[in-house]
Amino acid sequence: ETGGAALRLSTSNSTASSIVSSPLFGVPGGAYASSQTVALTSATSGASIYYTTDGSTPSSSNGTLYTGPISITTYKTILKSIATMSGLTNSAVNTAIYTITSVLDLPHFSLAGGSYTGPQTLTITSLSTLTDGASIRYTTDGTTPTSTNGTLYTGPITISATTTVYAVVYAPNFPNSAVVGATYALAAAPLTFQSTSLSYSATGASAAVQTDSNVPGGWVALEASSSGAYIECTLPSIPAGTYDLQMSYKTNSNRGILQMAVDGVDVGSPLDEYAALPSTYPTYDFGTVTFTASGSHVIRLTVTGKNSASSSYRLSTISFYLSTTTTTSPLTFQSTSLSYTATGASAAVQTDSNVPGGWVALEASSSGSYIEYTLPNIPTGTYDLQMSYKTNSNRGILQMTVDGVNVGSPLDEYATLPSTYPTHDFATVTFTAGGSHVIRLTVTGKNSASSSYQLSTISFYLYPSQ
């Protein structure tokens, strides 16, 4: 029995010694009136410690390698750490939450900057409005908000056109928070023409308005029984320009195949409106059309045949949509889909529930490191260049260059936690030749409150000059 007990003890010790000891926090989590300096240690001699402050789980490939005490200066910091050692099992992750009550929480945007279709609703929040009686001011005119400049935030903001929003949190007896900003690029709403409101005529078959509980205002049916019949709809008062042309319709088991023509010229591929029941209400994209003169234009839908499973040649049309292709919608390049190389530090793709497709981190620990991205297939022209990124308390300051030339002012990606996802407008750039162009982001320093020099990139946006 004694031998058995000794054997069991030996097995237990062997198992325990194969796991790295979890990091210990020199300062426990909690609320503090001033900044704190937190040391991390592990009882396993020679172990490496990694930590994060953005809420993600640390590992040897995610987070910052611990090299010295961590400065906690933000309103709320979630510090997570893990210890690793070659040949041993990683430790459990330890977590501590610190609140510094002498500073204000950042403004947090409910909507990440980027491209959207149609009006959007933006909500701005800050924990300090609940705990410290703080207020939020925002601007949409490009100026920097302060306690006296900008609109007092009282409720959700409707974004109905391309807009850059900046916000700040302020309160008596507190320094203002850092300013957070984001750009929302909205494509213009399409010109919409419901078929029942248009002037139309039919040849080779009758046409009639159909009522439908799923289509307010109804739709138009061409009661064709063979190929060759067609219906013409006149779209009035269209400004000159280039448009993407789409049409919504109602499927059925008795539908035909149609070819669209605009002002007598075929547009797009044939559309087969047949589908097994129940009916659906899809929208089909026929491609682009250019109108050199403003005015009325005629769309003809001609029956060219039918699906072998269809019982007839009938056509349906609900609405036509003309979306301008000369809006301020940008050329968009997500960093994770680009070719990139890093010098002086490693770079890696990071996953993030707030950024579909992820973002790229340059794991820099000093000035001078840089990452280069190649943006392909850019047409000649002049563009407004913007970049979205993820803030954090361990970020550095960067200088952007395009094809070797500095663009815009340095960008400090540092901000108190939790992280936000702003978009920064660098400057206007002109490309005299189409093709690929190289963007370099070089670490030039760091904020005195930042714990490291890391950089993040989500996407680049090139807005064509109008």
Side-chain angles (χ1 to χ4, degrees), residues 117-118 187-293 295-325:
T117 300
L191 302 175
T192 302
F193 303 89
Q194 189 160 7
S195 58
T196 55
S197 66
L198 296 173
S199 172
Y200 63 86
S201 61
T203 299
S206 61
V209 171
Q210 308 294 313
T211 58
D212 191 315
S213 60
N214 294 304
V215 184
W219 54 277
V220 175
L222 179 68
E223 306 287 359
S225 57
S226 62
S227 298
Y230 61 85
I231 183 171
E232 288 186 334
C233 300
T234 301
L235 277 57
S237 306
I238 301 175
T242 299
Y243 299 87
D244 183 57
L245 174 56
Q246 301 181 20
M247 184 187 79
S248 57
Y249 60 100
K250 180 180 180 179
T251 67
N252 203 290
S253 59
N254 64 357
R255 295 290 191 258
I257 300 171
L258 67 88
Q259 175 63 57
M260 175 184 283
V262 178
D263 296 337
V265 178
D266 284 353
V267 174
S269 301
L271 167 63
D272 187 351
E273 292 193 339
Y274 167 84
L277 296 175
S279 295
T280 58
Y281 303 83
T283 298
Y284 186 78
D285 193 329
F286 285 91
T288 58
V289 293
T290 298
F291 301 123
T292 57
S296 298
H297 297 274
V298 177
I299 290 181
R300 176 184 289 187
L301 306 177
T302 301
V303 180
T304 59
K306 74 176 185 70
N307 189 295
S308 60
S310 179
S311 61
S312 189
Y313 294 79
R314 295 181 70 192
L315 299 183
S316 73
T317 175
I318 299 174
S319 291
F320 301 97
Y321 307 96
L322 290 170
S323 300
T324 178
T325 61

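Index from 1, following the sequence.
Of the inter-residue distances, the one linking D272 atom CG with T251 atom OG1 reads 10.5 Å to the nearest 0.5 angstrom. Taking CD1 of I257 as the start and OG1 of T302 as the end, the distance is 13.0 Å to the nearest 0.5 Å. Summarising the geometry, atom OG1 belonging to T317 is positioned 11.0 Å from atom OH belonging to Y249; distances are rounded to the nearest 0.5 Å. Here Y281 contributes atom OH and S319 contributes atom OG; the two are 13.0 Å apart, rounded to the nearest 0.5 Å.
Scanning for side-chain hydrogen bond (donor to acceptor under 3.5 Å, both in side chains) contacts around S248 gives Y321, with sequence neighbours left out. With sequence neighbours left out, D212 forms a salt bridge (Lys or Arg N to Asp or Glu O under 4.0 Å) with K250.
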- prompt: Given the rule in the side-chain contact (heavy atoms from CB on, under 4.5 Å) test, do E273 and L315 qualify, once you have shown the distances and angles that lead to the verdict?
  reply: CA-CA 7 Å; E273 292 193 339; L315 299 183; 4.0 Å; yes
From CA spacing to verdict: side-chain contact (heavy atoms from CB on, under 4.5 Å), L258, V303: CA-CA 5 Å; L258 67 88; V303 180; 5.8 Å; no
| said: I'd like to know whether D244 forms a side-chain contact (heavy atoms from CB on, under 4.5 Å) with L322, so could you lay out the CA-CA distance, the side-chain angles of the two residues, the decisive distance to 0.1 Å, and finally the verdict. | reply: CA-CA 6 Å; D244 183 57; L322 290 170; over 6 Å; no
- Query: How far apart are the C-alpha atoms of Y243 and T288, what are their side-chain angles, what is the distance that settles it, and do they pass the side-chain contact (heavy atoms from CB on, under 4.5 Å) test?
  - Reply: CA-CA 5 Å; Y243 299 87; T288 58; over 6 Å; no
Side-chain polar contacts of residues 215-225 - donor-acceptor pairs under 3.5 angstrom, sequence neighbours left out - could you list them?
| residue | atom | partner | partner atom | Å |
| --- | --- | --- | --- | --- |
| E223 | OE1 | R314 | NE | 2.6 |
| E223 | OE1 | R314 | NH2 | 3.2 |
| E223 | OE2 | R314 | NH2 | 3.0 |

Name the atoms and distances for all side-chain donor-acceptor pairs under 3.5 Å in residues 263-270, with sequence neighbours left out.
| residue | atom | partner | partner atom | Å |
| --- | --- | --- | --- | --- |
| D263 | OD1 | V298 | N | 2.9 |
| D263 | OD2 | H297 | ND1 | 2.6 |

Could you go through residues 229-240 and list every donor-acceptor pair under 3.5 Å that involves a side-chain atom there, pairing it with any protein atom two or more places apart or in another chain?
| residue | atom | partner | partner atom | Å |
| --- | --- | --- | --- | --- |
| Y230 | OH | T203 | OG1 | 3.4 |
| E232 | OE2 | R300 | NE | 2.8 |
| E232 | OE2 | R300 | NH2 | 2.7 |

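The backbone N or O of S312 lies less than 3.5 Å from a partner atom in the side chain of S310, making a donor-acceptor pair.
Screening residues 189-200 for side-chain hydrogen bond (donor to acceptor under 3.5 Å, both in side chains), with sequence neighbours left out, gives no hits.
For the pair G305 and Y313, the tightest heavy-atom approach, listed with the atom from each and the gap, is O-CD2, 3.6 Å.
Residue M247 forms a side-chain contact (heavy atoms from CB on, under 4.5 Å) with just one option from L301, I318, D285, and that option is L301.
Put simply, the side chain of F193 does not reach to within 4.5 Å of the side chain of I299, judged on heavy atoms.
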